[in-house]
Amino acid sequence: MSDAISFLSPRADVLARRPQIVADLTDLLPPECLVHEARELVPFETDAFVSYRRLPLAVALPRTTAEVSAVMRYCHRYGIPVVPRGAGTSLSGGAIPQEDAVVLGLSKMNSILEIDLPNRVAVVQAGVTNLNISESVSADGFFYAPDPSSQLACTIGGNIGMNSGGAHCLKYGVTTNNLLGVRMVLVDGTVIELGGKAMDAAGYDLLGLVCGHEGQLGIVTEATVRLIAKPEGARPVLFGFESSEEAGACVADVIAAGIVPVAIEFMDKPAIEICEAFAHAGYPLDVGALLIVEVEGSEAEMDATLKDIVEIARRHAVKTVRECQSATEAALIWKGRKSAFGATGRIADYICMDGTVPLSQLSHVLKRTAEIVDHYGLRVANVFHAGDGNMHPLILFNANDPEDAARAEAAGNDILKLCVDAGGCLTGEHGVGIEKRDLMRHQYSEADLAQQMAARAAFDPGWLLNPSKVFPLEGRPAA
């Protein structure tokens, strides 16, 4: 499997100068901010897409924007590729390095610089974890809305790179809807500011371009994010259905009725069993699919919204409706969902896919997904953000069996093509990375790709930033 997705060939001239590059970086950074010994580089050779790995040339761990700028200026001068890295939780291989690249990690840039409650914003360094923002303002009645399952570990810089979402993105939006500004270091070391505390900035919406850039336009070092007041109340409810198709049809009808809960999360039977065995959240085990629907507001508002949702669910032969009765029960329900990826890893190796589909196609895509995985002789557990059609099939396989691994990768590619053919797209929040790079032509025409690559090259003409990612290696403009 490790040879299935190719990387760019390392630049021989860069490899030949490795000792000098390390010596020069030693002059730019203090000893604790540079990793270059072979055994110490191993933790940086891959990310959460563990099927592929490469040892980087060195790892820089700057503490300030000025240090990032100095490293970028040096690497640009000598034509050294740079691979940005947040917490390494990327599921698409977005932070996997290559042998001629310096990994630029954000882990030491982990300070919350300002909490501005009157303007409902926070200014943070890019290495701050997602959850740390909400914890810092919780006592004042606020939170940061995007909440990926990896929010305990993933960083804001990584979230911006992949435009991450989470369970509550149905109502509150993904990262781009909650990002107001960034400080970013360009490939040549220039520092720019995009956006700020104001709701809108003059000129082109470059902030919208940067959010989701997968580390190819620059290095985000600081971010200004929106804070949201906590709701009066919130209540998750479990809805159990006979089949995945019925659950998917219910989701489509809820949204079509104009009802927008805070979250609608989906689990099929394998996922229910896996998560319940781990979290003991009280999920019903006698159903074929489960929806976690969370509503918020006053007690009267929540009751009214749930009444409408229950009525729709009954039209789809709902078997179980279970409202949580306490904060402890609510926490357990979400613990089970947030632990899904880790809990699945206890029983098998897996590839986590990330395609989106129109809600009207959800039942069809779920049915075809099961057929595709069965065709390859594998198993699948589906757990995903159903409210916005962001699917996450977990394809189970044996990583020690190369043929099994190859079948899993092929099944994943077929599922992603299915999402596109159904009117959706290749990625909802995990990014393209290397995983989906060679599928970009299935979604985009050559003219579409050329325009995107032209925009990328405007920021990085030499293609030094995260160079093996996002775009097919064939057909790229000459650097």
Side-chain angles (χ1 to χ4, degrees), residues 1-10 42 45-55 83 88-99 214 268 270-271 274 340-357 365-384 391-422 424-428 430-444 466-475:
M1 186 173 181
S2 61
D3 295 327
I5 296 177
S6 59
F7 287 73
L8 291 168
S9 298
V42 172
E45 69 179 356
T46 191
D47 54 21
F49 191 54
V50 296
S51 301
Y52 297 85
R53 55 194 70 228
R54 297 285 190 281
L55 275 180
V83 174
T89 59
S90 170
L91 288 162
S92 64
I96 295 176
Q98 51 195 57
E99 296 88 341
E214 302 201 27
D268 65 6
I274 290 169
F341 293 175
T344 303
R346 299 167 70 212
I347 67 166
D349 303 302
Y350 66 87
I351 298 176
C352 176
M353 310 312 297
D354 169 49
T356 64
V357 299
V365 172
L366 282 166
K367 183 174 184 295
R368 283 290 299 128
T369 293
E371 292 170 351
I372 288 170
V373 175
D374 184 64
H375 169 74
Y376 284 97
L378 301 170
R379 295 178 296 152
V380 64
N382 285 286
V383 51
F384 59 91
M391 299 186 65
H392 294 316
L394 306 180
I395 303 172
L396 311 183
F397 71 100
N398 179 4
N400 294 317
D401 181 344
E403 292 185 2
D404 211 37
R407 285 195 297 270
E409 198 161 285
N413 287 343
D414 286 353
I415 290 170
L416 291 173
K417 291 177 181 177
L418 168 67
C419 291
V420 173
D421 294 343
C425 65
L426 293 172
T427 178
H430 293 175
V432 175
I434 61 168
E435 178 197 34
K436 309 177 184 77
R437 183 193 69 201
D438 297 325
L439 292 173
M440 288 286 275
R441 286 196 172 96
H442 191 81
Q443 171 136 24
Y444 298 106
N466 227 3
S468 287
K469 317 297 170 54
V470 182
F471 298 106
L473 300 185
E474 302 79 17

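All heavy atoms count here, side chains included; hydrogens, waters and symmetry mates do not. On a predicted model such as this, the values are computed, not experimentally measured, just so you know.
Atom OG1 in T369 sits 8.5 Å away from atom CD1 in I395 (nearest 0.5 Å). We find the CD-CD distance between E45 and Q98 to be 14.5 Å, quoted to the nearest 0.5 Å. Note that the NZ atom of K436 and the CG atom of L416 stand 6.0 Å from one another [nearest 0.5 Å]. The structure places CG of D401 at 6.0 Å from CZ of R407, a figure rounded to the nearest 0.5 Å. One distance of note links CE of M391 with OG1 of T356; it measures 10.0 Å at 0.5 Å rounding. Between atom CE of residue M353 and atom CZ of residue F384 there is a gap of 14.0 Å, rounded to the nearest 0.5 Å.
Between L473 and S6 there is a side-chain heavy-atom pair separated by less than 4.5 Å. Side-chain atoms of E435 and L91, non-hydrogen and from C-beta on, never get closer than 4.5 Å to each other. A 4.5 Å side-chain heavy-atom check between P472 and R441 finds at least one atom pair inside the cut-off. Using a 4.5 Å cut-off on side-chain heavy atoms (C-beta onward), V470 and M440 make contact. Between R346 and I274 there is no side-chain heavy-atom pair separated by less than 4.5 Å. Side-chain contact check for R368 versus C419: every heavy-atom pair is 4.5 Å or farther apart. Looking at V432 and L426, their side chains never come closer than 4.5 Å, going by heavy atoms from C-beta outward. The closest side-chain heavy-atom distance from N398 to D349 is below 4.5 Å.
With sequence neighbours excluded, the residues satisfying side-chain hydrogen bond (donor to acceptor under 3.5 Å, both in side chains) with N382 are D268. Taking the side-chain hydrogen bond (donor to acceptor under 3.5 Å, both in side chains) definition, one finds that D414 meets it with Y376, sequence neighbours left out. In this view, H442 and K417, V420, D421 satisfy the side-chain contact (heavy atoms from CB on, under 4.5 Å) rule, not counting sequence neighbours.
Between Y52 and F7, the ring-plane angle classifies as tilted under the 30° and 60° cut-offs. Ring pair F341/Y350 is tilted by interplanar angle, where 30° to 60° counts as tilted.
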- Checking side-chain contact (heavy atoms from CB on, under 4.5 Å) for the pair I415/V373: CA distance, chi angles, key distance, verdict? CA-CA 9 Å; I415 290 170; V373 175; 3.9 Å; yes
Exercise for review: With side-chain contact (heavy atoms from CB on, under 4.5 Å) as the test, would you mind laying out the steps for L396 and L378 before giving the verdict?
Suggested key: CA-CA 6 Å; L396 311 183; L378 301 170; over 6 Å; no
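Heavy atoms of other residues, nucleotides or ligands lying less than 6.0 angstrom from CD of E371 number more than 12.
Shown here for F397 and A405, the closest heavy-atom pair between the two residues is CD1-CA, 3.6 Å. The heavy-atom pair separating S90 from G94 by the smallest distance is OG-N, 3.0 Å.
A distance-only check finds no donor-acceptor pair linking the side chain of D438 to the backbone of I5 [under 3.5 Å].
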